[in-house]
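Residues take their numbers from the sequence shown, with the count starting at 1. Computed from heavy atoms alone, side chains included, the values below leave out hydrogens, waters and symmetry copies.
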Amino acid sequence: LMSLMCVVSLTAMAFSFSAENSDGKTIYYNISKDGATCEVTCNARNTYAGVVFIPEMVTNNGKTLKVTAIGKDAFRDSKELLLVFIPNSVRSIGAYAFSGCVKLKNLELPNSVTTIGKCAFENCKMMTRAKFGKYLQTIGVKAFCGCGYLAYVTFRSPAKIQTQAFDNCEKLIYIYCNTAVAPTIEKPEDTFNYNVYRTSILFVPEGCTENYKDEKGWKFFRYVRELD
């Protein structure tokens, strides 16, 4: 049993290489199977803190790799992480990638991100704003569950919003949908809290109110306003 525990522990802490940014912060990476790209991963001590700039390209052993993902658990429980800048090369954010980053306040994803994994930003309790890119396709199960101070969310694509994605986001008051085609709400009964449907203001493009009123989930919002 002890041997098995050691193997699991070592596997969890494994990373391919680390690189220091120009600001002195060290980021850890795993090289993808294609050998040309890599993803940000976690380190043994969850020491990511303050403001972190993820580079678009990183060099390892003289070879330049493109950073295309933020891996599973990469920043998980980094209690002192305040802000992260994600480059326009990142396509996916893995499950639990930022879960428990309790001081992370604002999130703006580049257009390159197409997938947000399960519980990726769960319990980021101080987050107040989240803005998604133009090509986002999927927001995973419980992706923002428990973000108790999240007040502003902006959608810029007709993404699929999976179950409980915004559960327990009681302070969500402004939802901006800058897309004529409404995002798909998988399970309206638990994607947003009941009070969100009753009290939040849903902003939609000019002339698109009826589009949203005809869509599952969005039709439950009491207050709908058109953007200029």
Side-chain angles (χ1 to χ4, degrees), residues 12 15-16 19 21 25 27-34 37-43 46-58 65-147 150 152-169 183-184 186 191:
F15 53 86
S16 300
N21 284 351
K25 284 192 168 65
I27 299 180
Y28 298 81
Y29 302 91
N30 279 328
I31 299 174
S32 304
K33 290 181 180 179
D34 62 11
T37 62
C38 63
E39 67 173 21
V40 178
T41 190
C42 58
N43 61 58
N46 293 101
T47 53
Y48 292 118
V51 179
V52 174
F53 292 85
I54 298 173
E56 187 168 330
M57 311 291 288
V58 65
L65 305 172
K66 190 173 185 178
V67 181
T68 57
I70 298 174
K72 181 178 182 291
D73 297 322
F75 291 84
R76 187 173 186 172
D77 292 329
S78 292
K79 305 294 186 185
E80 299 300 320
L81 182 68
L82 302 178
L83 190 62
V84 60
F85 289 90
I86 300 172
N88 203 40
S89 58
V90 169
R91 296 194 294 266
S92 65
I93 297 175
Y96 300 95
F98 293 90
S99 177
C101 293
V102 294
K103 292 185 179 180
L104 185 64
K105 292 186 177 180
N106 294 322
L107 174 70
E108 183 167 355
L109 296 183
N111 291 331
S112 58
V113 174
T114 61
T115 304
I116 300 174
K118 175 182 178 180
C119 300
F121 295 91
E122 179 186 39
N123 292 327
C124 291
K125 297 181 182 296
M126 297 304 294
M127 183 182 291
T128 59
R129 296 173 180 265
K131 185 176 182 180
F132 308 122
K134 293 180 180 179
Y135 303 112
L136 183 64
Q137 297 175 10
T138 305
I139 299 176
V141 173
K142 292 187 176 182
F144 292 87
C145 179
C147 294
L150 185 62
Y152 303 83
V153 170
T154 300
F155 297 96
R156 295 193 290 164
S157 70
K160 180 180 181 181
I161 307 171
Q162 295 186 341
T163 180
Q164 295 181 284
F166 295 94
D167 192 23
N168 292 327
C169 296
T184 301
E186 190 173 78
T191 297

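For Thr37, the side chain to side chain contact (heavy atoms under 4.5 Å, CB included) test picks out Ser32, Asp34, Lys66, Thr68, with sequence neighbours left out. Qualifying salt bridge (Lys or Arg N to Asp or Glu O under 4.0 Å) partners for Lys25, counting only residues two or more places apart in sequence or in other chains: none. Residues forming a salt bridge (Lys or Arg N to Asp or Glu O under 4.0 Å) with Lys125 (at least two apart in sequence, or on another chain): none.
Asn123 and Ser99 share no side-chain donor-acceptor pair at under 3.5 Å.
When all heavy atoms of Phe15 and Cys42 are compared, the closest pair comes out as CD2-O, 4.1 Å. Heavy-atom minimum distance, Cys38 versus Leu65: SG-CB, 4.1 Å. Here the closest heavy-atom approach between residue Asn88 and residue Pro110 is recorded as OD1-CB, 3.3 Å. Nearest heavy atoms, Gly117 versus Ala143: O-CB, 3.9 Å. The two residues Ser16 and Ile31 come nearest to each other via the heavy atoms OG-N, 3.0 Å. What you find for Cys101 and Phe75 is that their closest heavy atoms are SG-O, 3.1 Å.
Going from atom CD1 of Ile27 over to atom CD1 of Ile54 covers 5.5 Å, rounded to the nearest 0.5 Å. With rounding to the nearest 0.5 angstrom, the CG atom of Leu82 is 10.5 Å from the CE atom of Met126. Summarising the geometry, atom CG belonging to Leu136 is positioned 4.5 Å from atom OG belonging to Ser157; distances are rounded to the nearest 0.5 Å. Between the CZ atom in Arg129 and the CG atom in Leu107 there is a gap of 12.5 Å [rounded to 0.5 Å]. The structure places CG of Asn43 at 4.5 Å from OH of Tyr28, a figure rounded to the nearest 0.5 Å. Put simply, CZ on Phe98 and CD1 on Ile86 are 4.5 Å apart, with the number rounded to the nearest 0.5 Å.
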Quick one: do Tyr48 and Val84 satisfy side chain to side chain contact (heavy atoms under 4.5 Å, CB included)? Show the steps, please.
CA-CA 10 Å; Tyr48 292 118; Val84 60; over 6 Å; no
Thr154 and Arg156: side chain to side chain contact (heavy atoms under 4.5 Å, CB included), yes or no, with the steps?
CA-CA 7 Å; Thr154 300; Arg156 295 193 290 164; 4.1 Å; yes
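A 4.5 Å side-chain heavy-atom check between Leu104 and Phe121 finds at least one atom pair inside the cut-off.
A donor-acceptor pair is defined here as one N or O able to donate and one able to accept, closer than 3.5 Å; such a pair exists between the side chain of Thr114 and the backbone of Arg91. A donor-acceptor pair under 3.5 Å is absent between the side-chain atoms of Thr191 and the main chain of Ala165, judged by distance alone. Although no hydrogens or angles enter the test, the distance criterion places a donor-acceptor pair under 3.5 Å between the side chain of Ser89 and the main chain of Val67. Between the side chain of Asn111 and the backbone N or O of Gly133 there is no donor-acceptor pair closer than 3.5 Å. A donor-acceptor contact shorter than 3.5 Å is absent between the side chain of Glu186 and the backbone of Gln162.
Among Val40, Leu109, Thr115, the single residue meeting the side-chain contact (heavy atoms from CB on, under 4.5 Å) criterion with Ile93 is Leu109.
Between Phe144 and Phe132, the ring center distance clears the sub-6.0 Å criterion.
Between Phe53 and Phe85, the ring-plane angle classifies as parallel under the 30° and 60° cut-offs.
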